[in-house]
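To start, the structure itself, in structure tokens.
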Amino acid sequence: MTTAIEMRNIRKYFASSSTLALDQVNFEVQPGEVHALVGENGAGKTTLMNVLYGLVSPDEGEILVQGKPVQISHPDHAIQQGIGMVHQHFKLVPSFTIAENIMLGVEPNQFGVLNSSTEAEAVRKLAADYGLPVDPNKRIQDVSVGIQQRVEILKSLQRDARVLILDEPTAVLTPQEVRELYVVIRRLAESGRSVILITHKLLEVKEVADRLTVMRRGKVVGTDDVANVSVRDIANMMVGRQVILTVPRTPAEPGETVLEVENLLVADNKGLPAVMGASLQLRKGEILGIAGISGNGQTELVEAIAGTRPIDGGDVRLLGESLVGKTVRQRRDVGMAHIPEDRMTSGLNMTTTLDENVVVTSYDREPYSKGGYLQFDAIRQLAQQIAKTFHIKSAAAGGNVRTLSGGNLQKIVLGRELEGDPALIIANQPTRGVDVGSIEFVHKTLVDVRDHGAAILLISVELDEILALSDRVAVMYEGRIVATLDMDEVNEEKLGLLMAGSSLPQDDALAYEEMN
Amino acid sequence: MKRLQDMIETLSIPVFATLLGLLVGSIFVWLAGVQPLQTYTSLFCEGFGPTGCDSLTDLIVVDITDEDTGETTYHFAPTYGEKGHPLGLALERATPLILAALSATVAFKAGMFSIGMDGQFALGALVAAFLGYWLPQQIYGLAGVVDPDEASEALQLVMRLSIPAIIISLAAAAGAFYSWIAGYLKVKLNVNELISTIILNAIAVQFVTFMLNGPLRADMNNVARTERIDDTAWLMPFNRAFLNDVDWFNGARLGIGIFIALVAAILLWVYIWRTTSGYEQRMTQGSSLFARFGGIPTDRAIIRAMLISGALSGIAGAIQILGVERRMVDGFVLSGTGFDGVLVAVLARESVVAIFFVAVLYSGLQLGAINLQFGNIPRQLGGMIIALIILFTSMEDYFRSLITRFRLRVFGVDQIVNDDDNSDGTEEVQHA
Ligand SMILES: Nc1ncnc2c1ncn2[C@@H]1O[C@H](COP(=O)(O)OP(=O)(O)O)[C@@H](O)[C@H]1O
Ligand SMILES: [Mg+2]
């Protein structure tokens with residue numbers, strides 16, 4: 001049996017970001033296997049696959065397909081070699097139908113005429129062959145992310161991909177959609193195709209993959225059969241040290257109500273209603289997780305509470321005081337802290353120093369300011385104290401924060417926001433895009449401040465995170481809180497259904513039956 | 001080590017850009033049929049060198065041979081003012097440029113790419129030209145003085161001290177108001193400041209031209225002009241006031257204005273880098289979302305920056321009238337001083353200190369080029385070289401990647417990668 005793909009001594013240096021993204025990487029995939037490619041963010045997974053798909057040209061190294069050396073300098077070459085790739089960000093035309101998207105470039109258009117009925121027929125057949133039901137005549141803009149992903153996969157299969165690369169495919173899916181995807185992946189492998197699954201979720205690896213390759217900082221750390229390694233082993237390989245995966249915590253001892261949201265109405269950037277009558281209550285000493293697929297109003301809910309988006313109706317009360325019409329500063333004075341969703345643009349000012357980043361919430365009061373002048377010594381002290389408590393790389397103290405990693409950056413935000421023991425902490429995607437080691441630290445810290453009496457509103461698209469940290473879970477769907485559950489009535493299945501609006505999966509099942 | 005490297009890199013880029021600009025410029029000089037080196041020598045000598053300057057070293061130490069005795073003496077060039085020195089003229093030209101560049105910088109430092117300096121400058125100048133004549137008249141009228149020459153010494157003194165200050169303040173207010181419009185439009189209606197300031201500039205030019213040709217026209221002179229300002233409003237140049245015998249000034253109308261510019265620069269630096277208000281606007285520039293999420297009143301910061309910016313341009317216009325031109329002549333508004341200020345600010349990369357050097361260099365090069373046109377060299381040369389330097393400076397990113405590539409070749413990959421190491425190696429995670 002010849003190896004499906006072999007990559008030898010691949011090296012890639014990005015001058016623009018001064019990173020050696022790939023350093024003498026060797027990687028091979030067998031036919032008929034699901035091969036997981038894991039590693040922390042920035043490990044070089046996407047870059048390696050982009051090399052294979054002809055999107056990035058390596059500085060050194062060679063690629064062999066079925067044992068024969070090939071030149072892949074364009075995705076067209078990759079497709080000719082039977083390699084298909086589904087990117088982290090889909091490359092579909094929103095206004096085209098599913099059939100048109102799949103057939104794009106290979107339409108059965110004799111005499112230049114687009115024949116939509118034969119197209120649709122071909123797509124339907126393809127979909128049935130692989131058990132990936134889609135409605136060929138629906139437009140991309142009208143279908144869910146999960147369906148869009150199916151379309152991407154079908155597009156590759158239509159072009160006869162023998163090797164399918166999926167770059168973090170589950171990041172955007174509901175738990176049910178993830179299950180369905182697993183089934184598809186296994187079926188593809190059984191039909192003799194190879195699937196390369198990029199992920200940094202370790203349970204996923206155990207569940208679907210046959211073998212795995214772990215990358216760390218541009219290098220391959222190891223390749224092994226999944227059966228031979230535990231989740232803990234994989235985590236340790238990814239990070240390069242021992243990590244603690246579960247968050248040790250005691251049951252919450254909630255006190256009086258800290259935050260009350262009542263029938264909140266908020267509009268999105270286009271002026272359309274995004275939060276439509278959401279209500280929730282959060283008590284002292286508890287973590288309330290808000291679960292939901294991104295885009296169901298979580299961002300707008302958070303911004304309305306935090307004060308960066310106007311409240312169009314309803315009320316938000318913090319410690320009994322209404323926040324409607326108050327500025328961010330006034331809300332912070334009442335006792336709010338906010339870890340924003342996007343640390344690069346909202347959480348930090350990437351053009352300046354650690355000092356100036358940590359003082360943003362207190363720059364105009366003593367001892368950081370006197371008579372309108374900044375007091376640099378006091379600010380410096382604050383920064384150093386935060387850097388010490390939160391293990392922020394000391395090299396960062398004076399210099400620009402731009403050069404720091406995601407984990408270190410998030411710790412700066414965390415340190416700043418927890419300063420002064422706020423009553424309410426809004427933590428929006430607190431571990432998005434940070435490494436396993438920092439996730440562990442952020443989680444521990446949040447549980448710790450909860451134990452010291454803070455009320456935490458945790459918003460996350462990572463179900464694992466919600467389940468690991470929350471004392472209660474509220475599910476947000478289409479601008480409403482559709483359910484609030486205590487931890488003992490929660491399970492992944494239930495949450496998944498609620499997150500999907502509860503009825504959606506049945507629709508899909510029906511569609512599937514119709515098609516067969 | 002890393003920071004030193006960064007600093008050298010940052011400093012070397014403008015120097016490199018200037019040299020490259022001169023080098024490429026020399027191709028054109030050569031095409032025009034003249035010796036590049038000789039041309040550059042005269043360009044710099046005309047702009048910055050003392051009389052008798054005929055080589056680039058003369059810009060620093062000039063050697064003068066006495067014709068009678070044949071003796072050669074050496075002098076420190078910038079202060080050697082025998083038979084006049086162009087540096088005074090360069091500084092005269094640099095004064096409004098510095099103020100306009102500071103004006104642009106303070107707006108940039110709030111994330112506002114305002115280029116409204118021309119309009120604010122014109123309005124400030126108009127206010128000064130009008131008040132410089134009108135205000136003293138009113139005071140003489142109130143004091144019952146018929147002929148200004150016969151006014152009492154005491155009155156004259158009081159007027160000389162107060163009138164320029166009043167006029168400059170009002171010109172600053174006019175500029176500030178005009179700039180505020182763009183700030184308000186941005187904050188309330190999210191109107192792009194680049195577009196609003198371009199339009200405001202056009203309106204100001206029309207308005208000032210109209211006032212000059214209509215209500216404020218003094219006489220039937222071919223070219224429309226206002227009345228000359230009263231002597232009590234005049235910011236007398238140093239060589240007219242007390243340094244009459246100093247040749248160095250070479251007739252330059254260099255006066256208190258340059259000190260006003262200097263003080264403005266110092267105050268502005270303190271404001272931007274030391275005060276909480278300056279912090280607010282710098283954070284707004286760096287990331288306005290970050291500032292808002294952190295609780296900074298970004299709208300207030302933007303409005304404040306625009307007010308200061310407008311005031312500085314208004315002051316620049318007032319000083320140009322009160323200290324240099326003493327009346328406004330048609331065509332004044334088209335001088336482009338405000339926009340040159342924007343270029344200086346960009347070239348100086350928003351550094352208050354660098355603005356002084358760049359403004360003097362810019363004025364000197366212009367001056368040198370104007371003087372050169374009396375020779376056989378195309379007069380556009382100065383402008384072209386300035387344009388080339390700006391062009392090359394704007395290619396910063398390209399130079400940076402060149403430098404990185406060079407380092408890569410010399411030091412190898414490992415060296416560079418290790419430099420940028422920012423691993424997350426959290427030790428034992430323990431949070432108190
Ligand atoms: N086009 C690019 N230009 C510069 N740097 C890049 C580029 N693509 C990726 N990188 C850098 O290469 C490293 C690896 O990135 P990537 O392959 O996306 O990691 P992963 O997919 O494992 O999260 C990162 O440090 C990233 O910043
Ligand atoms: Mg990636």
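Note that this is a predicted model, so its numbers are computed, not measured. A, B, ... follow the sequence lines: proteins, then strands. Residue 1 opens every chain.
Atom OH of B:Tyr271 and atom OH of A:Tyr373 lie 11.5 Å apart (nearest 0.5 Å). If you take OG1 on B:Thr284 and CG on A:Asn349, they are separated by 9.5 Å, rounding to the nearest 0.5 Å. Distance check: B:Phe293 CZ to A:Glu303 CD gives 4.5 Å after rounding to the nearest 0.5 Å. Note: A:Tyr368 OH to B:Thr276 OG1 = 15.0 Å, rounded to the nearest 0.5 Å. For the atom pair CG of A:Leu348 and CZ of B:Phe290, the computed distance is 6.5 Å after rounding to the nearest 0.5 Å.
Within a 6.0 Å sphere centred on NZ of A:Lys219, heavy atoms belonging to other residues, nucleotides or ligands number 12 at most. Around atom CE of A:Met350, more than 12 heavy atoms belonging to other residues, nucleotides or ligands sit under 6.0 Å away. No more than 12 heavy atoms of other residues, nucleotides or ligands sit less than 6.0 Å from atom CZ of B:Arg300. The number of heavy-atom neighbours closer than 6.0 Å to CG of A:Asp421, taken from other residues, nucleotides and ligands shown, is 12 or below.
Closest of all the heavy-atom pairs between A:Leu374 and B:Arg282 is CD1-NH2, 4.3 Å.
When heavy atoms are compared at a cutoff of 4.5 Å, A:Arg416 approaches chain B solely by way of its side chain, counted from C-beta outward. Residue contact with chain B, scored on non-hydrogen atoms closer than 4.5 Å, is absent for A:Thr327. If you measure heavy-atom distances from A:Asp342 to chain B, you find no contacts under 4.5 Å at all.
Side chain of A:Arg329 to main chain of B:Ile296: no donor-acceptor pair is present (N/O by atom type, distance under 3.5 Å, no hydrogens or angles).
Highest contact tally toward chain B, considering only A:Arg331, A:His338, A:Arg343, is held by A:His338 [criterion: heavy-atom pairs under 4.5 Å]. Residue with the most contacts toward chain B among A:Thr345, A:Val359, A:Thr361, A:Thr351: A:Thr345 (heavy-atom pairs, distance under 4.5 Å).
Side chains of B:Met283 and A:Tyr363 form no contact here, defined as non-hydrogen atoms less than 4.5 Å apart. No side-chain heavy atom of A:Asp364 sits less than 4.5 Å from a side-chain heavy atom of B:Tyr279.
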